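Residue numbering restarts at 1 for every chain, and letters A, B, ... go by the order of the sequence lines. Computed from a prediction, not measured in an experiment: that's the story for all the values here.
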2 protein chains.
Amino acid sequence: MKSLTYAEENYLKAIYHLSEEGKKEVSTNSISDELKTKPASVSDMIKKLAVKGVINHKKYQGVRITTSGIEAALQIVRKHRLWEVFLVNKLNFNWDEVHEVAEELEHIQSPLLIQRLDEFLGYPKYDPHGDPIPDETGTYKLKPKTPLNELQVGDSGQIIAVKDSSAAFLQYLDKVGAYIGAKIRVIDKVEFDGSLEILVDNKKNLFVSKDVSKNILITNI
Amino acid sequence: MKSLTYAEENYLKAIYHLSEEGKKEVSTNSISDELKTKPASVSDMIKKLAVKGVINHKKYQGVRITTSGIEAALQIVRKHRLWEVFLVNKLNFNWDEVHEVAEELEHIQSPLLIQRLDEFLGYPKYDPHGDPIPDETGTYKLKPKTPLNELQVGDSGQIIAVKDSSAAFLQYLDKVGAYIGAKIRVIDKVEFDGSLEILVDNKKNLFVSKDVSKNILITNI
DNA sequence: ATGAGTGTTTAGCTTTGTCTAAAAATATTC
DNA sequence: GAATATTTTTAGACAAAGCTAAACACTCAT
């Protein structure tokens with residue numbers, strides 16, 4: 001299979017992510033929304049991707065990613081998330097600063113580079129946002145994610161990801177001392193407003209509103 | 001000044017390197033040789049670069065890089081060489097494997113990334129080939145380089161670079177235990193064929209032909 | 001079931017960076 | 001100094017990736 005151009009990689013990744021969200025068929029408009037391009041541009045690109053065999057397409061019927069498309073997309077996702085780990089763990093970037101740079105770095109073409117980077121980082125299984133990193137074969141494992149607000153008093157676990165990854169929300173978390181990987185336990189729950197008291201890393205008590213707890217995902221309850 | 005595209009950066013870097021080799025004016029043909037493009041493509045690009053103010057150009061008279069062009073080129077060179085240090089020092093690449101990947105990485109646009117990478121690497125002053133790394137202001141210092149074959153018996157120094165950086169030559173050096181940074185001393189010189197006996201890192205005697213010693217550059221005699 | 005509205009595609013244009021072929025300018029040689 | 005050779009530029013084409021505007025197809029209400 002011929003390799004993909006920079007733009008083709010971006011379209012395929014968008015289609016892959018949209019395919020993950022439930023339905024099999026991805027619409028032209030949803031792709032153009034995701035990538036901030038016009039539907040006409042998407043139609044053009046769909047033809048190219050279909051020729052390369054990474055998607056199937058019938059006119060006016062949306063797009064379906066193929067097995068080989070999923071494989072290719074997973075390798076791009078793998079690169080993106082490995083670079084995010086590098087930026088956060090080695091270069092001390094914050095969560096909210098890594099995405100755009102990783103968008104560029106993910107397109108670097110060098111299998112050896114990615115293999116060595118993976119090794120250098122200690123073969124991480126999850127990126128700084130808690131999303132799984134596929135291995136060279138495309139295999140990955142999701143951690144079960146439960147919104148913090150669904151936990152009961154006494155439940156414990158680890159912050160694995162956030163739903164709202166806006167800079168504002170990430171900065172709030174930083175400020176109160178919560179972070180991806182923090183161990184937490186639910187100390188008290190106020191039924192009236194759904195707010196929680198949680199213990200962070202066995203040392204710090206924190207009160208969070210339901211609005212906040214809905215956006216924090218916990219694993220390993 | 002408007003920023004440069006990927007291709008414009010490559011042309012500017014080529015012009016910068018060609019300008020370093022003595023003469024001020026760089027010819028269209030030499031640029032097309034360097035970049036493996038056709039002279040017609042170079043003529044087109046020259047117009048664009050002249051509009052952006054990084055080169056001066058009079059028709060049929062070659063090209064001269066401007067001060068602002070040198071500044072821009074030095075930042076690209078800085079990025080290229082920092083990535084080379086990263087690849088060799090952190091990811092265990094060999095000297096002869098880093099150039100192509102660094103050619104891609106040097107185009108990533110993120111001042112913060114380069115700043116953090118520089119810090120992570122310990123603010124290196126020279127890349128794995130012994131070439132100087134400009135700082136954020138474009139300042140750098142060349143080490144004086146003398147070909148090994150011009151040293152006399154008793155002279156000592158450090159391998160700072162190689163002239164011939166073909167994979168074959170670099171692999172030969174690896175095999176005999178010579179490397180950038182190795183400390184050497186000239187033990188004996190055969191006047192008949194110009195071959196040398198040298199002591200490497202105070203522990204290993206090595207015989208090298210004149211053809212080899214011409215291609216090894218020494219600093220700090 | 002038809003007509004309005006939404007979604008998708010086509011047609012044609014733009015920019016970037018490349019090319020070939022031909023024309024123009026400079027350099028070299030006799 | 002004229003003829004030839006080389007270098008450089010122009011002209012015109014093409015592919016990639018985007019756009020606008022217009023045409024086409026599907027979907028849903030009435």
I want to check one thing: is the phosphate of [N], taken as OP1 and OP2, less than 4.0 Å away from some side-chain N or O of [X]?
X       : N      : answer
A/Lys48 : D/dA17 : yes
A/Asn29 : C/dT8  : yes
A/His57 : C/dT8  : no
B/Thr37 : C/dG17 : no
A/Thr5  : D/dA17 : yes

Between protein and nucleic acid, restricted to nucleotides 21-26 of chain C and to nitrogen or oxygen atoms under 3.5 Å apart, what atom pairs and distances do you find?
none

Nearest-Å distance for atom pair [atom1]/[atom2], residues [X] and [N]:
X        : N      : atom1 : atom2 : result
B/Tyr11  : C/dT16 : OH    : C1'   : 11 Å
B/Leu49  : C/dT16 : CG    : P     : 13 Å
A/Lys38  : D/dA21 : NZ    : P     : 11 Å
B/His107 : C/dT16 : NE2   : C1'   : 15 Å
A/Lys47  : C/dT8  : NZ    : C1'   : 11 Å

Over all strands shown, is B/Ser43 touching base, sugar-phosphate only, or nothing at heavy-atom distances under 4.0 angstrom?
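Base, at least one base atom sits under 4.0 Å.
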
Side-chain (A/Asp127) to main-chain (A/Gly130) donor-acceptor, under 3.5 angstrom:
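Confirmed, A/Asp127 side chain pairs with A/Gly130 backbone.
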
Looking at A/Glu97 and A/Asn94, would you say the former's side chain and the latter's main chain have a donor-acceptor pair under 3.5 Å?
yes

Closest to side chain of [X], choosing from [options]:
X       : options               : result
B/Ala7  : C/dT10, C/dG17, D/dT8 : C/dG17
B/Ser41 : C/dT18, D/dA17, C/dT8 : C/dT18
B/Pro39 : C/dT10, D/dA17, D/dT9 : D/dT9

Tell me if the centroids of the rings in B/Tyr6 and A/Tyr6 come within less than 6.0 Å of each other.
no

Do B/His129 and B/His99 make the cut of ring centroids closer than 6.0 angstrom?
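Distance test on ring centres: not under 6.0 Å, no.
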
